Amino acid sequence: QVQLVESGGGLVQPGGSLRLSCAASGNIASIRSMGWYRQAPGKQREMVALITRGGSTNYADSVKGRFTISRDNAKNTVYLQMNSLQHEATAVYYCNLYTTSGLDYWGKGTLVTVAS
């Protein structure tokens, strides 16, 4: 059983920063990628940031230059540093793990609220 444990979400003021963490555990053969997705009320889930086993990254256009994804492959852990947060970043953020065998795992989600 694979489990993704997220931490770091919460309430932050506009312009502030948060760091999300996601640690994967369980019977994982190998990881193709890990990433962060988010879903705001009334909107579809979207990819925020993704990092592959080899270290290549992809970001949503809306977060480029402000969010940074990093990982520790040995620990199966991924981080998302979020800077200059604005109201549109308010959403439930989900951690994702995709294996080389084609399996897709999701965390339960953590709420990020940007408000005064």
Side-chain angles (χ1 to χ4, degrees):
Q1 188 75 18
V2 175
Q3 184 177 11
L4 303 178
V5 180
E6 302 155 330
S7 62
L11 176 66
V12 63
Q13 293 183 337
S17 299
L18 285 175
R19 189 186 73 160
L20 306 182
S21 300
C22 175
S25 62
N27 188 16
I28 306 171
S30 61
I31 298 174
R32 183 181 300 276
S33 66
M34 294 185 71
W36 293 93
Y37 294 70
R38 68 185 179 188
Q39 187 169 23
K43 298 183 65 177
Q44 294 182 338
R45 185 177 299 185
E46 64 174 345
M47 189 274 288
V48 177
L50 182 70
I51 186 165
T52 70
R53 179 178 57 190
S56 62
T57 59
N58 292 102
Y59 295 93
D61 289 340
S62 60
V63 307
K64 288 181 179 178
R66 299 184 297 111
F67 289 14
T68 303
I69 189 169
S70 60
R71 57 84 178 94
D72 185 333
N73 283 340
K75 296 181 178 180
N76 294 333
T77 300
V78 66
Y79 308 91
L80 184 67
Q81 179 67 45
M82 305 185 293
N83 298 327
S84 302
L85 286 165
Q86 303 299 321
H87 291 105
E88 57 267 27
T90 296
V92 177
Y93 286 71
Y94 297 91
C95 181
N96 171 261
L97 185 155
Y98 185 57
T99 73
T100 57
S101 61
L103 299 179
D104 204 20
Y105 298 95
W106 294 92
K108 295 181 179 180
T110 184
L111 178 63
V112 172
T113 302
V114 183
S116 300

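Just so we're clear, the structure is a prediction, and the values are computed from it rather than from any experiment. Note: hydrogens, waters and symmetry copies are ignored here, and every other heavy atom, side chains too, is used. Numbering starts at 1 and runs along the sequence shown.
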Can you tell me how far apart [atom1] ([X]) and [atom2] ([Y]) are? Round to the nearest 0.5 Å.
| X | Y | atom1 | atom2 | result |
| --- | --- | --- | --- | --- |
| D72 | S21 | CG | OG | 11.5 Å |
| C22 | N96 | SG | CG | 8.5 Å |
| T110 | K108 | OG1 | NZ | 12.0 Å |
| L50 | R71 | CG | CZ | 11.5 Å |
| T113 | L85 | OG1 | CG | 11.0 Å |
| L20 | W36 | CG | CH2 | 4.5 Å |

Considering all heavy atoms of both residues, which atom of [X] and which atom of [Y] are nearest to each other, and what is their separation?
| X | Y | answer |
| --- | --- | --- |
| Q86 | P14 | OE1-CB, 4.4 Å |
| V48 | F67 | CG1-CD2, 3.6 Å |
| A91 | L111 | O-CD1, 3.6 Å |
| K75 | T77 | O-OG1, 3.0 Å |
| L97 | A24 | CD1-CB, 3.5 Å |
| V78 | M34 | CG1-CE, 3.7 Å |

Report, one line per pair, each donor and acceptor closer than 3.5 Å where one atom sits in a side chain of residues 2-13; sequence neighbours left out.
| unit_1 | atom_1 | unit_2 | atom_2 | d |
| --- | --- | --- | --- | --- |
| E6 | OE1 | G109 | N | 2.8 |
| E6 | OE2 | C95 | N | 2.6 |

Quick one: does Y94's side chain have a donor or acceptor within less than 3.5 Å of a partner on Q39's backbone?
no

Keeping N76 on the side-chain end and A23 on the backbone end, is there a donor-acceptor pair under 3.5 Å?
no

In the single-linkage hydrophobic clustering (I, L, V, M, F, W, Y; side-chain heavy atoms under 4.5 Å), do [X] and [Y] co-cluster?
| X | Y | result |
| --- | --- | --- |
| I69 | M82 | yes |
| Y59 | Y98 | no |
| V63 | V92 | no |
| L18 | Y79 | no |

May I ask you to test the I31-R53 pair for a side-chain heavy-atom distance under 4.5 Å?
no

For Y37, check ring-ring contact (aromatic ring centres under 6.0 Å, His included) against everything at least two apart and list the hits.
W106

For residues 18-39, pull every pair meeting salt bridge (Lys or Arg N to Asp or Glu O under 4.0 Å), keeping only residues two or more places apart or in separate chains.
R38-E46

